[in-house]
Structures are given as structure tokens and as C-alpha cells.
Amino acid sequence: MTAQRIVISAGAAGIGRAVAEAFLAAGAQVAICDIDAAAVAQFRSVRPDAIAHVADVTSEAQMNGFLDTVQADFGGADVVFANAGTGGPAGLIENLAFADWQACLAANLSGAFLMCRWAAQVMRPQGTGLIVLSSSTAGQFGYPHRSPYACAKWGVIGLMKTLAMELGPAGIRVNAICPGSVQGPRMERVIAKEAAAKGVSLDQARAAHVNSVSMKTWIDAEDIAAMIQFLATPAGAKISGQALAIDGHTESLTR
């Protein structure tokens with residue numbers, strides 16, 4: 001893992017930050033981008049050995065600027081983690097704004113497209129590489145009150161399956177991770193939206209997430225990082241085209 005070059009979107013906090021820290025600890029070269037300028041500045045202050053840019057994954061120009069820098073400094077990439085996304089709006093479909101629908105799909109799906117397109121361009125000549133897309137257990141179930149998010153994450157699975165077929169002959173593996181409810185500030189914002197949309201308390205909304213999981217547990221960002229690191233080792237060399245749930249086994253998203 002020491003010589004690997006890792007590129008992560010939304011890498012300054014949450015899951016992306018945990019993945020970046022895990023690979024840096026293993027001696028890899030890491031480049032991250034994030035829309036949150038304060039988070040990027042904080043990451044850069046403690047990790048001056050990494051590339052850290054402010055970039056919005058829904059902006060082709062901003063992403064091209066970030067990825068051009070990575071290409072110039074790294075000369076390619078061994079692992080690309082298309083991690084950026086947003087929880088989107090919560091509510092019944094008849095009450096949702098079209099602009100909110102579009103923004104959710106742009107961040108979750110179009111952002112993944114931009115990362116994957118670049119990854120394919122640099123990895124195909126190498127004849128090797130790993131692309132990991134961030135989906136969700138919401139990409140495996142229906143998700144009442146969260147239709148934009150569910151559709152975006154199902155779309156990520158479709159993109160992953162297709163790219164695994166396109167890029168497999170070139171020696172490139174493509175997988176998706178499907179996290180369950182990951183503890184942290186982002187999940188608290190999601191819970192607040194769901195509670196308001198469903199007319200329940202915050203405690204009831206939190207309990208619904210735990211009760212829908214066989215292991216009755218939350219997920220830690222470090223659990224996701226461990227899975228991606230495994231995929232990047234020789235032990236994961238034949239794993240491609242898979243939607244890998246790290247969730248304690250989700251039974252339903254409707255409890």
C-alpha cells in the first residue's frame with residue numbers, strides 16, 4: 001500500500017476523511033477535495049503531506065482543476081473513491097421542489113460520473129486500478145420520504161455495474177460501498193429532516209435507524225475505511241462489480 005496513489009472526493013470530513021487518514025497512516029500518497037473550505041484548511045493544516053483542494057463535485061471546471069493537479073503531481077491514480085454526496089430533501093414526492101431533486105442527483109450521481117471519467121482516463125493506460133463509488137443501503141431498498149436520495153444511490157449502483165463491465169478487460173476493478181447509518185454530524189442532519197417529514201421526534205427517528213438493522217448498531221466511518229483498504233490489497237484483487245454493504249445487515253428502511 002505504500003506506493004499507492006489515492007484520490008478522494010469529499011475527503012476533508014466524515015467517511016472521506018477516515019479513508020484518507022487510513023491510507024496516509026499506511027504510507028500512501030493521498031489527494032482530497034471537498035466543498036467545505038474550512039474543513040479543507042483544517043485537513044491541510046494537519047496533513048501537509050497530502051493534496052487538499054476546495055472543489056464542488058457538481059462543477060466540471062472545479063473538478064478538472066483539482067484532478068489536473070493530481071495528475072501533474074501523482075502521474076495517475078491507483079485508488080479513486082467517489083465519495084461526495086448529499087442527503088437531499090425529505091418529504092413526500094408531491095411536496096418536493098424540482099431544484100432540490102436536481103441538486104441531490106447532481107451531487108450524488110453527476111459528481112461520481114466526473115470522478116469515474118477521470119479515473120478511467122488515467123487507469124486504462126496503466127492497466128490497473130480500483131474505483132470505489134459511495135452508494136448507500138438506500139441504493140438497495142425503497143426509501144419513503146427520501147426518493148431523490150434513493151434514486152441517486154440506485155443510480156450509483158447502475159454506474160458501478162456498468163463501469164465494472166467496461167473497465168474490467170483493462171484490469172480495472174469497480175465496486176460500490178453501501179454504508180448503513182454512519183454516526184456523525186451528517187447523520188444527525190438527516191435524522192432531523194426525516195423527523196420533520198414524518199412528524200416524529202428525533203429520538204424516534206434515531207431509533208428507527210437502529211431498529212432496522214439486524215445487529216442493532218450504528219456504523220463508524222472507520223468501518224468503511226477498513227473495507228476500502230481491504231479492496232486495495234492483493235486479497236481484494238478479484239472483487240469487482242459488487243455493491244458491498246457495511247451496515248450490520250439492513251432489514252428495511254421503512255421502520
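The chain is numbered in sequence order, starting from 1. Hydrogens, waters and symmetry mates play no part in the numbers below; they use all other heavy atoms, side chains included.
By the criterion of side-chain heavy atoms lying less than 4.5 angstrom apart, applied directly or through intervening Ile, Leu, Val, Met, Phe, Trp or Tyr residues, Phe43 is grouped together with Val79 in one hydrophobic cluster. Connection of Ile51 to Val30 is not established within any shared hydrophobic cluster, with ILVMFWY side chains joined at heavy-atom distances below 4.5 Å, either directly or through further cluster members. Phe230 is connected to Ile8 through a chain of hydrophobic side-chain contacts under 4.5 Å among Ile, Leu, Val, Met, Phe, Trp and Tyr, so both are in one cluster. A single hydrophobic cluster is not seen to contain both Val80 and Ile228; linkage of ILVMFWY side chains at heavy-atom distances under 4.5 Å, directly or through other members, places them apart. Hydrophobic cluster membership is shared by Leu159 and Trp118, with clusters built from Ile, Leu, Val, Met, Phe, Trp and Tyr side chains linked at under 4.5 angstrom.
Residues Ser201 and Asp203 have side chains that never bring a donor and an acceptor to within less than 3.5 angstrom of each other.
In this structure, the side chains of Met123 and Leu167 stay at 4.5 Å or more apart for every pair of heavy atoms. Proximity of Phe113 to Leu109: side-chain heavy atoms (C-beta onward) are nowhere separated by under 4.5 Å. Residues Glu222 and Glu21 form no side-chain contact, since every pair of their non-hydrogen atoms from C-beta on lies 4.5 Å or further apart. No side-chain heavy atom of Leu67 sits under 4.5 Å from any side-chain heavy atom of Cys33. Looking at Gln62 and His53, their side chains never come closer than 4.5 Å, going by heavy atoms from C-beta outward. You'll find the side chain of Trp101 reaches within 4.5 Å of the side chain of Cys151, heavy atoms only. Counting only heavy atoms from C-beta outward, the side chains of Cys116 and Leu133 approach each other to under 4.5 Å. Within the 4.5 Å cutoff, no side-chain heavy atoms of Val213 are placed close to those of Glu251.
Judged by distance alone, the side chain of Ser135 and the main-chain N or O of Lys153 form a donor-acceptor pair under 3.5 Å. Of the possible donor and acceptor atoms, one in the side chain of Trp154 sits under 3.5 Å from a partner among the backbone N and O of Ala138. Checked by atom type and distance alone, the side chain of Thr137 never pairs as donor or acceptor with a backbone atom of Cys178 at under 3.5 Å. Remark: side-chain polar atoms of Asp78 are not paired, donor with acceptor, to backbone N or O of Gly129 under 3.5 angstrom. A donor-acceptor contact shorter than 3.5 Å is absent between the side chain of Arg47 and the backbone of Ala20. A donor-acceptor contact shorter than 3.5 Å is absent between the side chain of Arg17 and the backbone of Gly11. Side-chain atoms of Arg146 come within 3.5 Å of backbone atoms of Gly87 as a donor-acceptor pair (strictly under, hydrogens ignored). Side-chain atoms of Gln29 never come within 3.5 Å of backbone atoms of Phe74 as a donor-acceptor pair (strictly under, hydrogens ignored). A donor-acceptor contact shorter than 3.5 Å is absent between the side chain of Gln42 and the backbone of Val40. A side-chain donor-acceptor contact under 3.5 Å links Asn83 to the backbone of Ser9.
Heavy atoms only, all atoms of each residue included: Ala221 and Ala18 are closest at CB-CB, 3.7 Å. Nearest heavy atom pair, residue Pro89 against residue Asp100, reads CG-CB, 3.7 Å. Contact detail for Val54 and Ala37: the closest heavy-atom pair is CG2-CA, 3.7 Å. Between Gly16 and Phe81, the shortest heavy-atom distance links the atoms CA-CE2, 4.5 Å. Residue Val7 comes nearest to Ala77 through the heavy atom pair CG2-CB, 3.9 Å, listed as atom of the first residue, atom of the second, then distance. Counting all heavy atoms, side chain and backbone alike, Ala152 lies closest to Asn108 at CB-CB, 3.6 Å.
Interatomic distance, CZ of Arg5 versus CD of Gln126, reported as 4.5 Å (0.5 Å rounding). One distance of note links OG1 of Thr86 with CG of Leu105; it measures 11.0 Å at 0.5 Å rounding. Rounding to the nearest 0.5 angstrom, the gap separating the CG atom in Leu130 from the CG atom in Leu231 is 6.0 Å. Taken from CZ in Arg44 to CG in Asp49, the straight-line distance is 12.5 Å, to the nearest 0.5 Å. Between atom CD1 of residue Ile131 and atom CZ of residue Arg117 there is a gap of 13.0 Å, rounded to the nearest 0.5 Å. Taken to the nearest 0.5 Å, the CG atom of Asp220 stands 9.0 Å off from the CD1 atom of Ile224.
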Next item on the list: Please assess Val57 against Ile35 for the test side chain to side chain contact (heavy atoms under 4.5 Å, CB included), listing each intermediate value before the final yes or no.
Entry: CA-CA 8 Å; Val57 295; Ile35 195 173; over 6 Å; no
